[in-house]
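Below: the structure, in structure tokens.
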Amino acid sequence: MLNIALPKGRLGEKVYAMFEAAGYECPSIKETNRKLIFENEEKQVRYFWVKPSDVAIYVERGAADLGVAGKDILLEYEPNVYELLDLQLGKCRMAVAAPADFHDDGERTLRVATKFTNIAANYYASIGREIDIIKLNGSIELAPILGLSNVIVDIVETGATLKENNLTVMETILPISARLIANKSSFQFHSETMEEILQSLRKQVDQR
Ligand code: PRP
């Protein structure tokens with residue numbers, strides 16, 4: 001049985017549709033209930049809905065053979081998994097944002113609020129800027145408004161959240177999209193099935 005961790009939500013539904021098109025359908029997954037796990041005995045496949053930021057943990061530890069995780073999560077936590085394919089879904093970017101009137105004089109330590117401490121630390125290390133990282137778990141946009149930080153490092157998709165909180169993008173750190181990931185030993189063990197799925201998904205991405 002191949003175990004596949006899908007990120008709960010709209011992205012996960014799109015990803016499931018791709019697996020379905022690859023021949024790994026599991027019709028019961030479309031029933032609207034609060035069940036988290038679905039299997040198709042005949043196809044030897046089992047899907048489960050996971051909080052998007054937890055997918056890489058399931059895959060790294062082998063509870064899932066395959067999964068789909070954002071590049072942000074892969075860069076932040078650096079899980080020991082194979083990254084097989086850019087699905088080109090869930091596109092957004094990691095950016096530095098601040099109030100429009102903020103100017104970094106480069107002299108004082110920059111206070112950076114973020115959920116993505118590793119990405120922020122690596123980015124500022126790469127440009128040689130000294131920072132003080134303030135780890136938050138949500139509503140990051142509040143931090144510069146209340147003077148908790150000078151800037152934030154966060155995900156920007158449409159830009160609406162920044163706009164509504166009077167913040168602007170100062171730098172784009174990197175583009176983000178959803179990636180197909182595999183557990184390393186499962187990839188050896190199920191290599192034929194995984195290659196077949198990978199080929200089909202790659203074709204679907206290319207034909208989009
Ligand atoms: C992310 C991010 C921003 C928002 C950006 O949060 O932290 O708040 O999306 O999207 P926008 O540019 O389209 O406005 P998310 O909705 O993922 O929830 P979270 O606060 O739980 O991270």
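When a residue number appears, it is its place in the shown sequence, counting from 1. In each ligand, atom 1 is the first atom listed, and ligand 1 is the first ligand listed.
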Can you check [atom]: any protein non-hydrogen atom closer than 4.0 Å?
atom	value
atom 11 (P) of ligand 1	yes
atom 6 (O) of ligand 1	no
atom 16 (O) of ligand 1	no

Ligand-residue contact atoms, ligand 1 with [X], heavy atoms, under 4.0 Å:
X	answer
V156	12 (O)
A160	12 (O), 14 (O)
E141	3 (C), 8 (O)

Checklist entry - Can we call the ring centroids of F187 and Y82 under 6.0 Å apart? => result yes

Item to check | Between F48 and F38, ring centroids under 6.0 Å | outcome: no

Next on the checklist: Is it true that Y24 and E20 share a donor-acceptor pair across their side chains at a distance under 3.5 Å?
Outcome noted: no

Checklist entry - Does the side chain of K184 come under 3.5 Å of the side chain of N80 through a donor N or O and an acceptor N or O? => result yes

Checklist entry - Do any N/O atoms on D154 end up under 3.5 angstrom from N/O atoms on ligand 1? => result yes

Checklist entry - Hey, is ligand 1 close enough to G159 that some N/O pair sits below 3.5 Å? => result yes

Next on the checklist: Side chain, backbone, both or neither: which applies to T158 and ligand 1 if a contact is any heavy-atom pair less than 4.0 Å apart?
Outcome noted: both

Next on the checklist: If the contact criterion is a heavy-atom separation under 4.0 Å, does I140 count as touching ligand 1?
Outcome noted: no

Next on the checklist: Applying a strict under-4.5 Å side-chain criterion to I, L, V, M, F, W and Y, I'd like to know whether V205 and V68 cluster together.
Outcome noted: yes

Next on the checklist: Same cluster or not: I119 versus M170, using hydrophobic residues (I, L, V, M, F, W, Y) connected whenever any side-chain heavy atoms lie under 4.5 Å apart?
Outcome noted: yes

Item to check | salt bridge (charged side-chain N to carboxylate O under 4.0 Å, His left out), paired with D86, selected from R179, K71, R208 | outcome: R179

Next on the checklist: Testing the basics here: between A22 and E196, what is the closest heavy-atom pair and its distance to 0.1 Å?
Outcome noted: O-OE2, 4.4 Å

Quick one: nearest non-hydrogen protein atom to [atom], plus distance?
atom	answer
atom 14 (O) of ligand 1	T161 OG1, 2.4 Å
atom 19 (P) of ligand 1	K115 NZ, 3.4 Å
atom 1 (C) of ligand 1	I155 O, 4.3 Å

Checklist entry - S191: what forms a side-chain contact (heavy atoms from CB on, under 4.5 Å) with it, not counting sequence neighbours? => result none

